[in-house]
Amino acid sequence: MSQCFYNESIKFFYNNSGKELYDTWRTKDKLVVGLGLTVCVFVMLFNLLVIAAIIINRRFHYPIYYLLGNLAAADLFAGVAYTYLMFHTGPNTSKLTIKTWLVRQSLLDTSLTASVANLLAIAVERHQTIFTMQLHSKMSNQRVFILIACIWIIALLLGLIPSFGWSCICNISACSRMAPLYSRSYLIFWAVSNLVAFLIMMGVYMHIFIYVKGKMTRMSQHTSSQPKYRETMINLMKTVFIILSAFVICWTPGQVVLLLDGLNCKSCNVLAVEKYFLLLAEINSVINPIVYSYRDNEMRLTFKQILCFCCNRGSKYSPGPLKSTNTERRALADNGHLMRECSL
């Protein structure tokens, strides 16, 4: 029967895995924590702004925006998880118990799972609407909210798997180096699952782009085609593709390093790049709100209204109709209602 080490300290597991714990703050640690906390502040503020904009502006009350709002909520949760990590890293790591260490890691795992699940849901929603030549999905609000609830339930369950027993506490020979209480088999499962999800999303978007390109070519041959509709669909795809690309670029290096650690690559110095790849993944959570404001005129104007309201509370804020400009065109939806076209 294998021996379990629930009563051991965190330092015991770090020494077992060969990952050093320092009693004093090194310059490298201070730099990473300083940058990390700075990014966390922007992550939380920017994503709160996105969530507020989607709630306030009725023009965003469509399935795609609810899913993008949920992605912002996942990024906000990531900001909270990273903040907790920054206050419990470096010399503070040795003060953690096994339970609090698992909580620290579970927060990060849950936020990543929620982001991946949201992006996958967005990819499927875009695939459905574009292949049926719609601007917005006909999915009911009730179904969207059920889907969002399922995303968070799955994220919580996967994030808590190590706490439920898939750890190396009872098999210390299987402990990983990057996460000394995690089993290497769990790291392989985690990394492969996310990399497969990335590949599926890339495949879905490649399929969409090939379809849209062929469709636009055929539509351009007919003068009766709607140029504004074509432009809207292309802009929608561009924005979501930018968000997906940023996610893959920021998260893939970390997933590859986790996979190498899970495979017990002795020649791979995974600990040397661990903190930098984690910081790169954190930066992704601040990229999405920037993409929203850059690509979507309506979202950008709503941001300005919210910020003006916060700066000048004496004036009554109303998210009413905004004056139309040449870049704020209108498209006719399938339900017969006019709605402003955007590039998100």
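T113 and T110 share no donor-acceptor pair across their side chains, judged by distance under 3.5 Å alone. For the 3.5 Å distance criterion, the side chains of W251 and S115 fail to qualify, holding no donor opposite an acceptor.
For the atom pair SG of C175 and CZ of F12, the computed distance is 8.0 Å after rounding to the nearest 0.5 Å. Atoms OG and CG, on S94 and D23 in that order, are 6.5 Å from each other to the nearest 0.5 Å. Residue I56 holds its CD1 atom at 10.5 Å from CZ of F303, rounded to the nearest 0.5 Å. Between the CG atom in L263 and the OG atom in S176 there is a gap of 12.0 Å [rounded to 0.5 Å]. Here the CG atom belonging to L187 is positioned 11.0 Å from the CZ atom belonging to R177, to the nearest 0.5 angstrom. In this structure, NE2 on H61 lies 9.0 Å from CG on N141, to the nearest 0.5 angstrom.
For the pair R143 and F145, the NZ or CZ position fails the cation-pi test of under 6.0 Å to the six-membered ring centre and within 45 degrees of the ring normal.
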Inset, instruction - For side chain to side chain contact (heavy atoms under 4.5 Å, CB included), just list the numbers for V43 and L76, CA-CA rounded to whole Å, side-chain angles, deciding distance to a tenth of an Å, and then say yes or no. - result: CA-CA 6 Å; V43 166; L76 177 63; 5.9 Å; no
Inset, instruction - Would you sort out whether T97 and W101 count as a side chain to side chain contact (heavy atoms under 4.5 Å, CB included), showing the intermediate values? - result: CA-CA 6 Å; T97 64; W101 189 95; over 6 Å; no
Inset, instruction - Kindly determine whether T93 and H88 satisfy side chain to side chain contact (heavy atoms under 4.5 Å, CB included), including the steps that lead there. - result: CA-CA 6 Å; T93 302; H88 296 85; over 6 Å; no
Legend entry - Verdict with supporting geometry, K19 and E274, salt bridge (Lys or Arg N to Asp or Glu O under 4.0 Å): CA-CA 11 Å; K19 187 174 184 178; E274 172 194 14; 2.8 Å; yes
Inset, instruction - Check the pair D109 / S111 against side chain to side chain donor-acceptor pair (under 3.5 Å), numbers first and verdict last. - result: CA-CA 6 Å; D109 295 346; S111 65; over 6 Å; no
Inset, instruction - Please test F87 against L37 for side chain to side chain contact (heavy atoms under 4.5 Å, CB included), starting from the C-alpha separation and ending with a verdict. - result: CA-CA 9 Å; F87 283 108; L37 288 175; 3.9 Å; yes
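Remark: the backbone N or O of L68 is not paired with any side-chain donor or acceptor of N118 at under 3.5 angstrom. At least one donor-acceptor pair under 3.5 Å links the side chain of N15 to the backbone N or O of K11.
Shown here for M178 and D261, the closest heavy-atom pair between the two residues is N-OD2, 2.8 Å. Across T24 and D29, no two heavy atoms sit closer than the pair O-OD2, 4.4 Å. Across every non-hydrogen atom of I287 and C250, the tightest pair is CD1-SG, 3.9 Å. For the pair N171 and S173, the tightest heavy-atom approach, listed with the atom from each and the gap, is OD1-OG, 2.9 Å. When all heavy atoms of L119 and Y205 are compared, the closest pair comes out as O-OH, 4.4 Å. Across I151 and A114, no two heavy atoms sit closer than the pair CG2-O, 3.9 Å.
Annotation: side chain of L67 is not in contact with side chain of L71 (no heavy-atom distance under 4.5 Å). Using a 4.5 Å cut-off on side-chain heavy atoms (C-beta onward), L280 and P253 make contact. V124 is not listed as a side-chain neighbour of V204, based on a closest heavy-atom distance of 4.5 Å or more. The side-chain heavy atoms of E282 and L279, taken from C-beta on, include a pair separated by under 4.5 Å. T89 is not listed as a side-chain neighbour of V32, based on a closest heavy-atom distance of 4.5 Å or more. Contact of the Y65 side chain with the R59 side chain is not registered, since no non-hydrogen atoms from C-beta on lie closer than 4.5 Å. Two residues are said to be in side-chain contact when any heavy atoms from C-beta on lie closer than 4.5 Å; Q3 and I172 fail this criterion. Residues T252 and N194 form no side-chain contact, since every pair of their non-hydrogen atoms from C-beta on lies 4.5 Å or further apart.
In terms of hydrophobic clustering, with Ile, Leu, Val, Met, Phe, Trp and Tyr side chains grouped at heavy-atom distances under 4.5 Å, I290 and F60 are assigned to a common cluster. When the side chains of ILVMFWY residues are joined at heavy-atom separations under 4.5 Å, either directly or via intervening members, L195 and L258 end up in a single hydrophobic cluster. Clustering ILVMFWY residues whenever any of their side-chain heavy atoms sit less than 4.5 angstrom apart, transitively, puts I146 in a cluster other than the one holding L120. Both L96 and I98 belong to a common hydrophobic cluster when Ile, Leu, Val, Met, Phe, Trp and Tyr are linked at side-chain heavy-atom distances under 4.5 angstrom.
Listed by chain and number, the residues in a disulfide bond (SG atoms under 2.5 Å apart) with C150 amount to none (sequence neighbours excluded). Legend: residues meeting side-chain contact (heavy atoms from CB on, under 4.5 Å) with L199, ordered by chain and number and at least two apart, are absent. For C40, there are no disulfide bond (SG atoms under 2.5 Å apart) partners at least two apart in sequence or on another chain.
The aromatic rings of Y186 and Y182 lie perpendicular to each other, with more than 60° between the two planes, well past the 30° mark. Taking the six-membered ring where the residue is Trp, F247 and F198 present perpendicular rings, their angle passing 60° and hence far from 30°.
The number of heavy atoms from other shown groups lying within 6.0 Å of CZ (F42) does not exceed 12. Remark: K28 NZ is packed, more than 12 non-hydrogen atoms of other residues, nucleotides or ligands lying under 6.0 Å away.
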